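Below: the structure, in structure tokens.
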Amino acid sequence: MVMSVRNSATRRLRVVTISLGIAAIAACTATPRGASDASVANASAKAADGGKLFGQQCASCHGQRGEGVTGPAIMGPGALPVYAKESSLARNPAFTDPSELALRENARPAGAPKREPFNTAKDLFGYISQRMPMKSAGSLKPDEYWAILNFMLVAHGISVPDGGVNASNADSVSIVSK
Ligand code: HEC
């Protein structure tokens, strides 16, 4: 008799715990991440090649709107902070691949900053062209990285110069959100 009372109490506790867990997950997914559909459509029109390449080379880890999948969010509100967030992956419940975590850790010496600050389009170009796509860093042609960068910037809401961002104007294009 005592046993069965205790069992039902345990069961009730378990139900409460599970419901709380579901509520927490629902609260997380309700937070908007990534660029809006309208911004992505605008970027795909202005930088069609970049949009296509982003879909082929980047979206598997970052999502087509840059909302983050196994990699961090890289477009839209709150993305591309000047200084890297150490916990950007830890807070992403979708990040579970241990081989990617290991790759990430091996890519920099202990205690070194995760990356250089992102102030201008040139900083971002330097990062993506040397470090991405994560499992085949530097494997694309410079033109392809520039195309991807133009797509990302427009989707992120940055106004790019006529004719797009390139090697000669990238350091004058601020990507710091105001
Ligand atoms: C295999 C998965 C994968 C692919 C494919 C990939 N990335 Fe990443 N990316 C990551 C991970 C993981 C990180 C986090 C690295 C770290 O924390 O040091 C990252 C970080 C970044 C960052 C820095 C974000 C920040 O705020 O620090 C940018 C920008 C980025 N990726 C752009 C790209 C672009 C552009 C492509 C396509 C050319 C690409 N990535 C392809 C996994 C990937």
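In listed order, ligands and their atoms are each counted from 1. Because the structure is predicted, anything quoted here is derived from the model rather than measured. When reading the values below, keep in mind they use all heavy atoms of this one structure, side chains included, and skip hydrogens, waters and symmetry mates.
- Set against the non-hydrogen atoms of Ile148, the atoms of ligand 1 under 4.0 Å away are 35 (C), 38 (C).
- Of the possible donor and acceptor atoms, one in the side chain of Ser129 sits under 3.5 Å from a partner among the backbone N and O of Phe125.
- For ligand 1, the atoms closer than 4.0 angstrom to any heavy atom of Met152 are 35 (C).
- Among the atoms of Met134, no N, O or S atom falls under 2.8 Å of atom 8 (Fe) of ligand 1.
- Between Phe118 and Tyr127, the ring planes lie perpendicular to each other; the angle is over 60°, past the 30° to 60° tilted range.
- Rounding to the nearest 0.5 angstrom, the gap separating the CD1 atom in Ile148 from the CG atom in Leu140 is 5.0 Å.
- Those atoms of ligand 1 that come under 4.0 Å of a heavy atom in Ile128, given as number and element, are 29 (C), 32 (C), 35 (C).
- Per-residue contacts place Gln57 under 4.0 angstrom from the following atoms of ligand 1 (heavy atoms of the residue considered): 5 (C), 37 (C), 41 (C).
- Closest approach of Gly51 and Phe151 over heavy atoms only: CA-CD1, 3.3 Å.
- Heavy-atom contacts of Cys61 reach the following atoms of ligand 1: 1 (C), 2 (C), 3 (C), 4 (C), 5 (C), 42 (C), 43 (C) (cutoff under 4.0 Å).
- Of the possible polar contacts, one joining the Asn150 side chain to the Trp146 backbone as a donor-acceptor pair under 3.5 Å is found.
- Taken to the nearest 0.5 Å, the SG atom of Cys61 stands 6.5 Å off from the NZ atom of Lys135.
- Only the side chain of Leu124 comes within 4.0 Å of ligand 1, judged by heavy-atom distances.
- Within a 6.0 Å radius of CD in Glu116, no more than 12 heavy atoms belonging to other residues, nucleotides or ligands are found.
- Across the listed options Met132, Arg131, Glu144, Met132 owns the non-hydrogen atom lying nearest to atom 19 (C) of ligand 1.
- Here the straight-line distance linking atom CD of Gln64 with atom CG of Asp37 works out to 10.5 Å at 0.5 Å rounding.
- Within the 4.0 Å heavy-atom criterion, neither part of Ala79 lies near ligand 1.
- Under a 4.0 Å criterion applied to the non-hydrogen atoms of Arg115, ligand 1 contributes the atoms 25 (C), 26 (O), 27 (O).
- For Lys114, a nitrogen or oxygen atom sits less than 3.5 Å from a nitrogen or oxygen atom of ligand 1, counting backbone and side chain alike.
- Here Leu149 has no heavy atoms under 4.0 Å from ligand 1, in either its backbone or its side chain.
- When distances to atom 8 (Fe) of ligand 1 are checked against a cut-off of 2.8 Å, His62 contributes an N, O or S atom below that limit.
- Atom OG of Ser139 and atom CD of Glu144 lie 8.5 Å apart (nearest 0.5 Å).
- Among Cys58, Ala84, Gly55, the residue whose heavy atom lies closest to atom 37 (C) of ligand 1 is Cys58.
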